[in-house]
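Worksheet for the structure shown next.
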Number of protein chains: 2
Amino acid sequence: MPASLGFHTHDHRSCIAEGLAAAERACRAQGLQFTPQRRRVLEILLQRHRAMGAYEILDILREDGIAAQPPVAYRALDFLTTHGFAHRIERLNAFIACSHPGAAHSPAFLICRHCDSVAETLADPARGRLGRAADAAGFTIECAVVEAEGTCPNCRGSAG
Amino acid sequence: MPASLGFHTHDHRSCIAEGLAAAERACRAQGLQFTPQRRRVLEILLQRHRAMGAYEILDILREDGIAAQPPVAYRALDFLTTHGFAHRIERLNAFIACSHPGAAHSPAFLICRHCDSVAETLADPARGRLGRAADAAGFTIECAVVEAEGTCPNCRGSAG
DNA sequence: TGCGGGGTTGATATGTTATATCAGTACATC
DNA sequence: GATGTACTGATATAACATATCAACCCCGCA
């Protein structure tokens, strides 16, 4: 069944498979352990294809029959976010599978406040006005959170 | 005693007074109630001049002799952030007094990961790469969180 | 085969941040 | 004095996150 990615419809089944395969390849290449738990959490994020709280993921792990406790979810999410297979959305205290697995990137997010869908895009925080301000202040930017909230095209007609 | 603002030393006593006065003026102009609790919380933020958690603020309110409960801090912080007298730092789950009170603005923050100091600057999230990506996706940006993490000039020499 | 080390998992407990709810109070207006 | 609105007090609970330590497993090595 198609779902929304970047607010567009796409072939979701293949995008799950590709996301998992990309992570698998990247882990093999970097000598990382893509364990069943980590794989399962990434699969959950890819399947739902939206920002999910750690405890929501935990509930799904429990439906799998695992008596999972919070650290189980947070450990897997730490791994996935550290290695760029998933991202944390600070604004939502939630996590989402990466849309550009493998590529080194500085993600930015577009969060629809009507339907809570999230699209990942690319930002260049060190460029533009922020970068100039940081330079002027003598501040070295190492990473940046960029999360825009607004209205997605699907909600624009219906919700104004 | 001078403290750091935007990583620079300044006359802190007058900046507290000016911050409170600016809030007072703005509230009068807009018909908002700048109650003692709200004033006290803003004063705490201005005095410490750094990002503070709600419970840290709560502890200080209790030192004042008030048997304050969490909603007390959150209500005051809601008021202050809604009307632009303070900002929430998502990355830190913390709050900081606004450095540009009164002016309508889209703030961005430079957060030092060594000393946790925070400088407020201005961003133009709807411009630049993010804005173009949003346009291309048909997404309307209404507000944006921009929080850069890195090394401030004071920590650059000492902490690398 | 036995040993030791690194990384992962299991399990318990706790810490931290945030909100829901409802009763009470203050003040302005009619 | 009745009414409405906004703010405050108080209790409880929800939601998010981490500390800690023991157990396990795989691997390399003697």
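Just so it is clear, the structure is predicted and the values come from calculations on it, not from any experiment. Just the heavy atoms: all of them, side chains too, but no hydrogens, waters or symmetry mates, feed the values below. In what follows, every chain begins at residue 1, and chains take the letters A, B, ... in the order their sequences are listed.
Comparing B:Q69 and A:A94, the nucleotide of DNA chain D nearest to each residue sits closer to the 5' end for B:Q69. Both B:F79 and B:N93 sit near DNA chain D, but only B:F79 has its closest nucleotide nearer the 5' end.
Atom P of nucleotide C:dT25 and atom CD of B:Q37 are separated by 16 Å, given to the nearest angstrom. Between the CZ atom of B:F95 and the C1' atom of C:dT16 there is a distance of 13 Å, given to the nearest Å. Note: CZ (B:R88) to C1' (C:dT16) measures 12 Å, nearest angstrom. Taking atom CG of A:L58 as the reference point, atom P of D:dA14 lies 16 Å away to the nearest angstrom. With rounding to whole Å, A:E56 atom CD is found 16 Å from D:dA17 atom C1'. Taking atom CG of A:L77 as the reference point, atom C1' of D:dA17 lies 11 Å away to the nearest angstrom. For the pair B:L61 CG and D:dA10 C1', the computed distance is 15 Å after rounding to whole Å. A straight line from CG of B:D78 to P of D:dA6 spans 15 Å, rounded to a whole angstrom.
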Test A:I60 against A:R48 for side chain to side chain contact (heavy atoms under 4.5 Å, CB included), laying out the working first.
CA-CA 11 Å; A:I60 294 169; A:R48 304 309 187 281; 3.1 Å; yes
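Ring planes of B:F95 and B:Y74: perpendicular class, angle over 60° (limits at 30 and 60°).
Between B:T35 and the phosphate of D:dA6, there is no side-chain N or O to OP1/OP2 separation shorter than 4.0 Å.
Side chain of A:Y55, nearest nucleotide from C:dT9, C:dT17, D:dC16: D:dC16. Checking C:dA18, D:dC16, D:dC7 against the side-chain heavy atoms of B:Y74 singles out C:dA18 as nearest. The side chain of A:Q33 approaches C:dT8 more closely than any other nucleotide in the set D:dA10, C:dT8, D:dC7. You'll find that the side chain of A:R38 is closest to C:dT9, out of D:dC16, C:dT9, C:dA18. Between D:dA10, D:dG9, D:dT18, one nucleotide has an atom nearer to the side chain of B:A67 than all others, and that is D:dA10. Candidate nucleotides D:dT18, D:dA17, C:dT19 were compared by shortest atom distance to the side chain of B:P71, and C:dT19 ranks first.
Distance alone, capped at 3.5 Å, places no donor-acceptor pair between the A:R50 side chain and the A:S117 backbone. For B:R40 (side chain) and B:L61 (main-chain N/O), no donor-acceptor pair under 3.5 Å exists by modelled atom type.
Looking only at atom types and distance, the side chain of B:H87 has a donor-acceptor partner in the side chain of B:E120 under 3.5 Å away.
On a pure distance criterion of 3.5 Å, a polar donor-acceptor pair joins the side chain of B:R75 and the base of D:dG9.
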